[in-house]
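Computation of the quantities below employed the complete heavy-atom set of this structure, encompassing side-chain atoms and omitting hydrogens, waters and symmetry-equivalent molecules. The structure presented is a predicted model; accordingly, all values stated were derived computationally and were not measured.
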2 protein chains.
Amino acid sequence: MTTENIEELLLRHGVKPTAQRVVICEYMIGTKSHPTADDVLQAVARKLPVALSRATVYNTLNCLVNAGIIREVVTEPDRTRYDANMSDHHHFVDVKTGKILDIPAEEIARLHPTIGDNYKVHSYQITFFGEIVKNK
Amino acid sequence: MTTENIEELLLRHGVKPTAQRVVICEYMIGTKSHPTADDVLQAVARKLPVALSRATVYNTLNCLVNAGIIREVVTEPDRTRYDANMSDHHHFVDVKTGKILDIPAEEIARLHPTIGDNYKVHSYQITFFGEIVKNK
DNA sequence: GTCTTGGTTTAGACTTATTCTAAATGCAGA
DNA sequence: TCTGCATTTAGAATAAGTCTAAACCAAGAC
Ligand SMILES: [Mn+2]
Ligand SMILES: [Mn+2]
Ligand SMILES: [Zn+2]
Ligand SMILES: [Zn+2]
């Protein structure tokens, strides 16, 4: 995706496209990994002419989350990961490598609880978020 | 559950039943909430005649997890919760109160993705843990 | 073109959950 | 009773993330 398109994307979501935001957003959209804030800092810092602070990375990631451009992924305690794939999907964590893969929601509805031949599921967890309805 | 039963449970899992471990384990088994380490410390400290250190709470909870007596539950970044319900189940997080309820696995297989009339699901997430199988 | 202003970025301090360290404690067996 | 080893402890250390206060900067007003 071009820089212009990234700027348009940000504007469309009501986010002022600063240099730092553009390059962070560009990185997020260009990766299928589910990077931590620190991953983003490492990857993006060298692309920018100016210095990039940790605070800006967190500010920007939170900003993008609030704008609905990326989302948080919580698979382990103590570090939040970020994901520019906003389609309805779930995650497969390879316990060997720690890599996180996207699993489209349709596949899960169909193949649940076995995802497919390419994955050996050790365990899986469904976390629901919602409200309790008190109907007597 | 009586203290003797707790001690037997610990011994059966190869854990030496010290006073601290017994009371922490007893607390875990007696609650359906999914407490954090700090919740456990608060609740258990006053029951013990001696002081109870934060380190011991973490040591014991990790010990119980390794022994297969309790398990960790990760639903949000930055705090691990613990759960003595070792049956095959998933979790429903009430976003209003933060309370975590157990959902037996059978119910999910049947009612997926709607859990039932008593819950309004805002969103849910399935996290798989396993390995990638390279079959050509 | 300069001035003003509010949003953005920054470095570093701070907070909080968890782990680590090294010393003290306390049982179980010799 | 003595010894050894696991356990517990207080507090230091670590690490993710937030906060603060100052510096920066882009856009509009003049
Ligand atoms: Mn933590
Ligand atoms: Mn954190
Ligand atoms: Zn994803
Ligand atoms: Zn549970």
Is B/Asn62 near enough to C/dT18 that one of its side-chain N or O atoms lies under 4.0 angstrom from OP1 or OP2? no
NA contact type, A/Thr80, heavy-atom cut-off 4.0 Å: base, sugar-phosphate, or nothing? sugar-phosphate
Strictly below 4.0 Å: does A/Asn59 bring a side-chain N or O up to OP1 or OP2 of D/dG17? no
Return the value, rounded to whole Å, for the distance between atom CG of A/Leu11 and atom P of D/dA27. 11 Å
If I take atom CG in residue B/Asn66 and atom P in nucleotide D/dT7, what distance separates them, rounded to the nearest angstrom? 12 Å
From the list D/dG17, C/dT10, D/dT9, which nucleotide is the closest neighbour of the side chain of A/Ala37? D/dG17
Rounded to whole Å, CG of B/Leu41 lies from C1' of C/dT18 at a distance of 13 Å
Consider the side chain of A/Leu52, meaning its heavy atoms from C-beta on, and name the nucleotide among C/dT10, C/dT18, D/dG11 that approaches it most closely. C/dT10
Given that A/Gln20 and B/Asp38 both sit by DNA chain C, which one's nearest nucleotide is further toward the 5' end? A/Gln20
Distance below 4.0 Å between B/Thr18 side-chain N/O and D/dT7 OP1 or OP2: no
Check this one for me: any side-chain N or O of B/Thr56 less than 4.0 Å away from OP1 or OP2 of D/dT8? no
note: B/Asp78, atom CG; C/dT18, atom P; distance rounded to Å ~ 8 Å
Please determine whether a side-chain nitrogen or oxygen atom of B/Tyr58 lies at a distance below 4.0 Å from atom OP1 or OP2 of C/dT18. yes
Verify side-chain contact (heavy atoms from CB on, under 4.5 Å) between A/Arg21 and A/Leu61, making sure each step is shown before the conclusion. CA-CA 9 Å; A/Arg21 285 171 177 172; A/Leu61 290 172; over 6 Å; no
Among D/dT7, C/dT9, D/dA10, the one nearest any side-chain atom of B/Arg21 is D/dT7
Inspect the contact between B/Glu76 and B/Arg81 and indicate whether a charged nitrogen and a carboxylate oxygen are less than 4.0 angstrom apart. yes
Interatomic distance, B/Leu48 CG vs D/dT9 C1' [rounded to whole Å]: 13 Å
Rounding to an integer number of Å, can you tell me how far B/Glu72 CD sits from C/dA17 P? 16 Å
Under the criterion side-chain hydrogen bond (donor to acceptor under 3.5 Å, both in side chains), I'd like the reasoning laid out for B/Thr56 against B/Asn59: C-alpha separation, chi angles, the key distance, then a yes or no. CA-CA 5 Å; B/Thr56 298; B/Asn59 287 344; 5.0 Å; no
A/Tyr82 and A/Val65: CA distance, side-chain angles, deciding distance, side-chain contact (heavy atoms from CB on, under 4.5 Å) verdict: CA-CA 9 Å; A/Tyr82 297 89; A/Val65 168; 4.1 Å; yes
What is the distance, rounded to the nearest whole Å, between atom CG of B/Asp39 and atom C1' of C/dT18? 15 Å
Go through D/dG11, D/dG17, C/dT8 for me and flag the one nearest to the A/Arg54 side chain. D/dG17
Taking CG from B/Leu61 and P from C/dT19, how many angstroms apart are they, rounded to a whole number? 10 Å
Parallel under 30°, tilted from 30 to 60°, perpendicular over 60°: which one fits the rings of A/His34 and A/His91? perpendicular
Would you indicate which nucleotide in D/dG11, D/dT7, C/dG7 comes nearest to any side-chain atom of B/Lys16? D/dT7
